[in-house]
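In what follows, a structure is listed as structure tokens, so that the remarks can point back to it.
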Amino acid sequence: DMNHFQATETTVFVRGLAVKAQVGIGAPERNASQTIIIDLAIRLADPVIVADRMAASVNYATVARMIEELCDGDRMLLIETLAERIADRIFDDERVAEVAISVTKPRKLPHADAVGVTRTFVRVGP
């Protein structure tokens with residue numbers, strides 16, 4: 001029984017993950033934990049999930065826990081750096097082809113809901 005369709009892309013995402021982190025340029029900002037919001041979309045190298053089992057895809061609970069641990073352990077100046085460190089860990093999983101990561105600081109400017117950065121990383125080596 002062949003399907004009349006085929007998966008061309010499979011993306012696993014985590015949206016609105018609130019974590020405490022020490023990030024920022026100024027000393028007051030860096031020395032106090034603040035809540036930041038992480039969104040990420042992980043595109044799998046192989047979009048076809050062959051069997052209906054967890055091992056076929058990336059586990060978003062594991063990803064969320066890794067991000068929480070990373071933010072808990074490190075102090076960083078730039079949220080851009082944080083995005084890169086998250087990407088570095090995500091690519092440990094050989095099934096990942098690309099990841100887009102947004103790091104948002106809510107209510108940082110008086111007239112803006114949020115500020116932040118989105119960075120997209122793609123696997124380039126074997």
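Basis for what follows: all heavy atoms, side chains included, without hydrogens, waters or symmetry-related copies.
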query = Side chains of R107 and D113: does their closest heavy-atom pair fall under 4.5 Å?
reply = no
key: salt bridge (charged side-chain N to carboxylate O under 4.0 Å, His left out) involving R85 - partner list, sequence neighbours excluded   = D74
note = Nearest heavy-atom approach of I101 to A83 is CD1-O, 3.3 Å
request  = Work out which heavy atom in K20 is nearest to a heavy atom in C71; give both atom names and the distance.
outcome  = O-CB, 3.5 Å
message = Surrounding CG of D92 (heavy atoms of other residues, nucleotides or ligands, distance under 6.0 Å), is the total greater than 12?
response = yes
ask   = Sequence neighbours excluded, which residues qualify as side-chain hydrogen bond (donor to acceptor under 3.5 Å, both in side chains) partners of T118?
value = S102
inquiry  = With heavy-atom distances below 4.5 Å as the criterion, would you say the side chains of I79 and K105 are in contact?
reply    = yes
task = Give the minimum heavy-atom separation between V96 and I90, together with the two atoms involved.
result = CG2-O, 3.6 Å
request  = State which residues pass side chain to side chain contact (heavy atoms under 4.5 Å, CB included) with A97; sequence neighbours excluded, sorted by chain then number.
outcome  = R43, A45
Inter- and intrachain pairs under salt bridge (charged side-chain N to carboxylate O under 4.0 Å, His left out), touching residues 62-71, at least two apart = none
task = Kindly write out the residues that satisfy side chain to side chain contact (heavy atoms under 4.5 Å, CB included) with I37, not counting sequence neighbours, or none if the list is empty.
result = A18, T35, D39, T104, P106
ask   = Does any non-hydrogen side-chain atom of T10 lie less than 4.5 Å from one of D46?
value = no
query = Linking I/L/V/M/F/W/Y whenever any side-chain heavy atoms sit under 4.5 Å apart, do M66 and I38 land together?
reply = yes
request  = Identify, with sequence neighbours excluded, every residue that meets salt bridge (charged side-chain N to carboxylate O under 4.0 Å, His left out) alongside E84.
outcome  = R119
task = Locate the shortest heavy-atom distance separating V99 from A87; write the atom from each residue and the value.
result = CG1-CB, 4.1 Å
task = Report yes if the side chains of F91 and R123 come closer than 4.5 Å at any heavy-atom pair, otherwise no.
result = yes
request  = May I ask you to test the T11-I42 pair for a side-chain heavy-atom distance under 4.5 Å?
outcome  = no
task = Please confirm whether the backbone N or O of V23 pairs with a side-chain atom of Q34, one donor and one acceptor, at under 3.5 Å?
result = yes
